[in-house]
Structures are given as C-alpha cells and as structure tokens.
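Given the structure is predicted, the values throughout are model-derived calculations rather than measurements.
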Amino acid sequence: MRTPICDFVRDYAEREGARFHMPGHKGRGDLGFEKYDITEICGADVLYSPEGVILESENIASELFGTAHSFYSTEGSTLCIKAMLRLVTAGESSERPLILAARNVHRAFVSAAALLDLEVGWIYPEEFTSLCSASVTPEAVERAISESPRKPSAVYITSPDYLGGIADVRGIAEVCHRAGVPLAVDNAHGAYLRFLSPSRHPVDLGADIICDSAHKTLPVLTGGAYLHISKNADGKYLERARGALSLFASTSPSYLILQSLDECNRYLGESFKEELCETVARVKRLKADILGMGIPLLEGEPLKVVFDCRGMGWRGDDFSEFLRARGIEIEFSDRDLAVLMIAPKNSESELSLLLSALSEIEKKEPLEGELPTLPRAERRVSVREAVFAESERVRIENAVGRVCADVCVSCPPAVPIAVSGEVITEETVDLLRYYGAEVISVVK
C-alpha cells in the first residue's frame, strides 16, 4: 500500500538540499528525527486545502474506514470535536443552536460550545456510576428529543467512554434519524473498533459524523486523529469539513504526525486485523486470569482493562502507585477505578509483568461508602457568557450558589463535574470533594 506523505518526506530528506524554510532546526539535531520534520513546502501539500500527497493519503484512510471521507487532524480529537459541532450547527438560524449531549463530554466539547455560542441540553444517565461513564440509552435519547423545547441541531454522545463502556450507537442513530436529527459521536477511544469482525465502529452503526483519536489505540504519534464523515451524512458536512477544521486549527500542522497517520494506513491495510484479533483474544485470557485471582473488573470494550479498586479494598490512586512501583504505568486512576489500555504493540512479557504484580496484591475487604449523585444542574447563563466572564477561583465550600466559569479539569479524564454557566449546589460540592477538587472557577 502506498504511503504518499512518508514517501515524499523520505525522498526530500535523502536529497539533503539547502533548507531555507521553516522549521529552524533545518533538518539537523540530536533527536534524530529532525530531517523528517518539515513544513508545507512545494510538493508536501497543504493540510486544509490538499490536492496532492495529503489528499491521496486521506483517500486511502477513507477506504479503510468506509467513510465518505476521513480528514486528518494533527491536533487530536480536540480539534475534531470543535469541527464536528461547527458542522452540525453551520447555517442555523439566528437562534442559538441547541445540542443534546450525554453528560460525560470531554472538556473540548465545552470549549466548542463557548466558542460557537451553543445551547446544550444534557441527557443524564439513568444510573450514575462514575464521572467518566454516563452512557445513555436509545430510550433516553428519544425522550430527550421529544421533550426538547425545539428541534436540536444534533445529538452528541461519547462512546466508548473512558471506562470502556460502549453505547447502543445503532439504536441511538435510529432514534435520531427518525426525528430528522444527526448523530455525532466522540469515538476518541475507539478507532480500532472498525477493524473488529464485525465492526463496532460508529461509522458502521449509523452515526453521521465521528471523531477518532488515532493515537489512543493505533500506532500513531500523539495528536494524530480523524474526522470521519459517514456516507449517509448530510452532504454539506463533506463540503464544509476542511473549513470547520481550519477555523480552529494551527496553520502549522506537524508533518511527523501526518507521516504517522500515513504509515498507519499501510499497517491497517496489511496486518492489523490479524494482530488485533490475536490481541483481543490475549486480553480476554488476561481478564480471565485476573478475575481468577479474585480481582474484580468492569465489563467494557475489548482492549481496556478496568479495575474496580473499591471492590478490591483499594483506592484507585493507591493501586496505581502499587503498579508503578513494579514498573507498570497505567492510563488513568481516580478514587475508585484504574484503567489500563492495551494494544497489539504490547508484548506478552508486559502482560506477564502485570499478572506477576497482581499476584502480590494484598487482598482487602471492599470499601464502603456511596458515590455522590450527579446533580441535574440549573443553568444561570450560557456557556459562552460564563467562559468569557470575569472570574475568580474560590474554595469549593464557598462556591455554593455561584455560577461555574471556565471548567478546569485535568486530562485524563477531562470530564467536567460542573459545566460553565451552571449554578453550583451542595450536591455539586459533594461530587467535587469526592473527586479531590478543592477550588473551582466561578463568575464574579
């Protein structure tokens, strides 16, 4: 399979000509990759108006993912989320566009809502089990659409979530399309789902517009992502996608990341499906071995291993430190849970190291105590007004009755507890305290 971006850059690097263009390292440096780090010179194409090697590479990716077109991002799914929301609201009336969204959105969604001045109607989970997991059902989506004061511009969900939970995308898509509403999916953690047999990727389950973080589950450099437009989506998305991406993007895309997306096409088209199938089987055996040790796990997507640390009698962060001391760095932990992400590039010796470490774990009684509720917040002002208002940081116990300003949450998981414009209640404070927050930004 051709890798047009890689081929061009490799040929350019081997010519060793004089570089009177950016970047300033001029292809030389101690890191070793500088000669492949170029800018949009003649022949290298232009990311947001491509006619050459980038377009050819994206066309290959589009065939692999079965889309009308798959657009590259070198700024992660964060850029793609903003572009998705721009696309589903472009051309709306002067009235503020309305998006119905499952509550466990990434903070990039909130940033986009502020920049685009969107109104958000939250779809809350029927059962709250974790800040990271707020999966909604087709029935909940249908109810939200029918109860909405006006027709939404789109329904927006996150699937898979940070804990590996996968929503019924097909069922939700059917509900949306019966109502004439497009479905947008933040599939940042699920690029690989396309290559399972059968595919579990949202593009094959009826979603209209999807973002994937290629770097999360595929062998792509950090920042590599895709914006996918479904073959069944409104044609205007395809026409306006590059404009929506360029509205929020840097004019200096990383060619190192573009090369990794390009090279990934070759891998996806050749050996990935077979390696993925083998890895899914390995992880299934790994999970069985862990459960056999009496260590509880959460169910979810095939390549995540999520430890129910409370059920083990551990705090998630303490469990993370236990593994770190044995040479194992995990993806994420909070008070209750620990998340490990596995890919075909993980070796058998790494899985064996994990099992060895777990064999040393002290068995404890499950921790007691209930998770605070996720409050159904009252909105005082719009997201945009709150984000751009003058604000101050106060201790959470002094924030009751105040309005949340710009959300400040770390990544991972980057899921806000309180969203900009919402009134902070005692219940909000309980949840903030539960997850270790001590201060919050509020509108002055």
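Counting only residues at least two apart or on different chains, the ring-ring contact (aromatic ring centres under 6.0 Å, His included) pairs with a member in residues 266-293 are F195-F272, Y267-F272. Sorted by first then second residue, the side chain to side chain donor-acceptor pair (under 3.5 Å) pairs that include residues 360-373, not counting sequence neighbours, are R326-E360. Applying the salt bridge (Lys or Arg N to Asp or Glu O under 4.0 Å) test to pairs two or more places apart or on separate chains, none has a residue in residues 64-82.
Scored by the salt bridge (Lys or Arg N to Asp or Glu O under 4.0 Å) test, E56 finds R2 as partners (sequence neighbours excluded). Taking the ring pair (Phe, Tyr, Trp, His ring centres under 6.0 Å) definition, one finds that H69 meets it with F71, sequence neighbours left out. Under the salt bridge (Lys or Arg N to Asp or Glu O under 4.0 Å) criterion, D11 pairs with R15, sequence neighbours left out. In this structure E390 satisfies the salt bridge (Lys or Arg N to Asp or Glu O under 4.0 Å) test together with K444, sequence neighbours excluded. Residues forming a side chain to side chain donor-acceptor pair (under 3.5 Å) with D45 (at least two apart in sequence, or on another chain): none. For the ring pair (Phe, Tyr, Trp, His ring centres under 6.0 Å) test, residues two or more places apart in sequence or in another chain that qualify with H201 are F65, H228. In this structure R28 satisfies the salt bridge (Lys or Arg N to Asp or Glu O under 4.0 Å) test with no other residue, sequence neighbours excluded. F307 meets the ring pair (Phe, Tyr, Trp, His ring centres under 6.0 Å) test with F319; sequence neighbours excluded.
Taking the six-membered ring for Trp and the full ring otherwise, the centers of Y36 and Y255 sit at least 6.0 Å from each other.
Side-chain contact between V339 and D334: absent, with no pair of heavy atoms (C-beta onward) separated by less than 4.5 Å. Proximity of P50 to L47: side-chain heavy atoms (C-beta onward) are nowhere separated by under 4.5 Å.
Tested against L354 for a side-chain contact (heavy atoms from CB on, under 4.5 Å), the candidates V305, D289, I330, I328 yield a single pass: I328. Each of R402, R103, R376 was checked for a salt bridge (Lys or Arg N to Asp or Glu O under 4.0 Å) with E422, and the lone residue meeting it is R103.
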Distance-only donor-acceptor hits, side chain of residues 244-251, under 3.5 Å, sequence neighbours excluded:
from	atom 1	to	atom 2	distance (Å)
S246	OG	R242	O	3.1
S246	OG	G243	O	3.1
S250	OG	S252	N	2.9

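Using a 4.0 Å cut-off between charged side-chain N and carboxylate O, K273 and E275 make no salt bridge. With respect to E139 and R143, no salt bridge is recorded, no charged nitrogen being found less than 4.0 Å from a carboxylate O.
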